[in-house]
Amino acid sequence: MNILVAEDDLKLGELISYMLKKKAGYKVEWVTEGEEAYYYATNTHYDVLILDWMMPGGTGIEVCHRLRKEGYSGAILILTAKDALEDRIVGLDSGADDYLVKPFEIDELLARLRALSRRNYAPILEEEILISDMILNRTSQSIRGGDTEIQLSPREFQLVDFLIQNKGQVLPREIILERVWGFDSDVAMKTIDATVKLLRKKLDLLGKQDLLQSIRGVGYKFDH
């Protein structure tokens with residue numbers, strides 16, 4: 001599973017992230033503020049969001065309510081020290097699927113996550129995306145323009161798919177590195193640039209090289 005942990009307690013956030021990776025083999029990203037959690041949740045797919053109730057930059061309840069209001073359908077679990085019935089009701093009414101009171105055992109958290117993952121929350125992504133007279137095929141991991149079809153490497157496909165999902169947005173290299181190569185990756189920033197260069201060469205075969213734009217000193221965006 002791919003998990004987002006939003007917890008401002010540094011020791012607890014680090015512990016949860018470490019244990020989810022070590023004991024369950026999950027891919028975990030960890031943020032410490034509500035606004036970060038909202039940004040991450042709306043820019044990539046997670047199987048479960050773990051949101052702490054009390055965080056700077058927007059509480060977990062506020063983030064949950066905001067996401068649900070905008071149609072977010074993924075699983076959300078709220079962590080909190082509040083254990084009164086009224087608080088549980090507030091948490092669930094905000095749109096959370098589950099509620100776990102601190103302190104808790106990591107095995108209980110893992111059991112809750114397994115239960116949430118068995119529900120079908122995952123958005124159905126289109127097999128093909130049409131953009132600027134060009135088709136990205138997620139099944140074959142290829143791009144087609146007219147009668148020309150270009151095969152992409154797995155990493156090239158992950159990169160262009162992520163950029164297209166966030167079409168028009170400037171994506172910093174750091175975000176691209178985390179989303180495409182992984183939070184714990186030792187890959188250097190130059191690897192991103194090298195992959196973009198290879199991807200541009202393939203897009204150029206379709207006359208679409210200019211769609212992948214460099215934003216000096218920041219990162220990249222895909223636009224037309």
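In what follows, every heavy atom counts, from backbone to side chain, and hydrogens, waters and symmetry copies are set aside.
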Problem - Contact summary for A41 and L49, nearest pair of heavy atoms - result: CB-CD1, 3.8 Å
Exercise for the section: Walk me through it: do M55 and V31 pass the test side-chain contact (heavy atoms from CB on, under 4.5 Å)? Expected result: CA-CA 10 Å; M55 289 186 293; V31 298; 5.9 Å; no
Practice task
Measure from the side-chain N and O atoms of D8 to the backbone N and O of T32, and report whether any donor-acceptor pair falls under 3.5 Å.
Solution key: no
Handout entry: Rounded distance (nearest 0.5 Å) linking atom CD1 of I192 with atom CG of L171
Key = 10.5 Å
Handout entry: Reported CD1-to-CG distance for the pair I76 and D98, which is rounded to 0.5 angstrom
Key = 11.5 Å
Fill in the blank from the handout: In short, C64 meets I78 closest at the heavy-atom pair CB-CD1, 4.4 Å
Practice task
Verify whether one side chain among Y46 and E29 offers a donor that lies under 3.5 Å from an acceptor in the other.
Solution key: yes
Problem - Enclosure of F104 CZ (heavy-atom neighbours >12, cutoff 6.0 Å) - result: yes
Problem - Within-4.5 Å side-chain heavy-atom neighbours: R155 and T191 - result: no
Exercise for the section: Examine L130 and I164 and state if one hydrophobic cluster contains both, with Ile, Leu, Val, Met, Phe, Trp and Tyr joined whenever side-chain heavy atoms are less than 4.5 Å apart. Expected result: no
Handout entry: Shortest non-hydrogen contact from S142 toward E149
Key = OG-OE2, 2.7 Å
Problem - Check: E7 main-chain N/O paired with W30 side-chain donor or acceptor under 3.5 Å - result: yes
Handout entry: Interatomic spacing from CD1 in I16 to CD1 in I3 - rounded to 0.5 Å
Key = 11.5 Å
Practice task
Treat each ILVMFWY residue as a node, draw an edge where side-chain heavy atoms are under 4.5 Å apart, and state whether F222 and V170 are in one component.
Solution key: no
Exercise for the section: Would you give the length of the straight line joining atom CG of L100 to atom CG of L109, rounded to the nearest 0.5 angstrom? Expected result: 6.0 Å
Problem - Single-linkage hydrophobic cluster, 4.5 Å side-chain cutoff, L20 and L15 together - result: yes
Practice task
Identify the heavy atoms of I175 and F162 that sit nearest to each other, and give their distance.
Solution key: CG2-CZ, 4.0 Å
Completion exercise
For L110 and A24, the nearest pair of non-hydrogen atoms, with its separation, is CD2-CB, 3.8 Å
Handout entry: Exam field: side chain D161 to backbone F157, donor-acceptor pair closer than 3.5 Å
Key = no
Problem - Check: Q151 main-chain N/O paired with K202 side-chain donor or acceptor under 3.5 Å - result: yes
Problem - Donor-acceptor contact below 3.5 Å, side chain N166 vs main chain Q169 - result: no
Practice task
Search all heavy atoms of L212 against all heavy atoms of R200 and return the closest pair with its distance.
Solution key: O-NH2, 2.8 Å
Exercise for the section: Verify, without hydrogens or angle tests, whether K208 (side chain) and S132 (backbone) share a donor-acceptor contact under 3.5 angstrom. Expected result: yes
Exercise for the section: Evaluate the side-chain proximity of T80 to M54: yes if any heavy-atom separation is below 4.5 Å, no if none is. Expected result: no
Exercise for the section: May I ask whether L159 and I143 are part of the same hydrophobic cluster, defined by side-chain heavy atoms of I, L, V, M, F, W, Y residues being less than 4.5 angstrom apart, directly or through others? Expected result: yes
Problem - Between CD on residue Q165 and CG on residue L136, distance to nearest 0.5 Å - result: 9.5 Å
Practice task
Before accepting this row, confirm whether a basic side-chain N of the pair R112/E108 lies closer than 4.0 Å to the acidic partner's carboxylate O.
Solution key: yes
Exercise for the section: Verify the neighbour count for atom NZ of K201: are there more than 12 heavy atoms of other residues, nucleotides or ligands below 6.0 Å? Expected result: no
Exercise for the section: Give a yes or no on whether Q209 atom CD has more than 12 heavy-atom contacts from other residues, nucleotides or ligands under 6.0 Å away. Expected result: yes
Handout entry: Backbone of H45 reached by a side-chain donor or acceptor of N2 within 3.5 Å
Key = yes
Problem - Salt-bridge present (D97, R68; N to O < 4.0 Å) - result: yes
Handout entry: E70 CD: over 12 foreign heavy atoms closer than 6.0 Å
Key = yes
Practice task
Check step by step if side-chain contact (heavy atoms from CB on, under 4.5 Å) holds for Y38 and L67.
Solution key: CA-CA 7 Å; Y38 172 80; L67 288 171; 3.6 Å; yes
Handout entry: Rounded distance (nearest 0.5 Å) linking atom CD of E128 with atom CD1 of I135
Key = 5.0 Å
Exercise for the section: Check whether M19 and V28 end up in the same hydrophobic cluster, where Ile, Leu, Val, Met, Phe, Trp and Tyr are linked by side-chain heavy atoms less than 4.5 Å apart. Expected result: yes
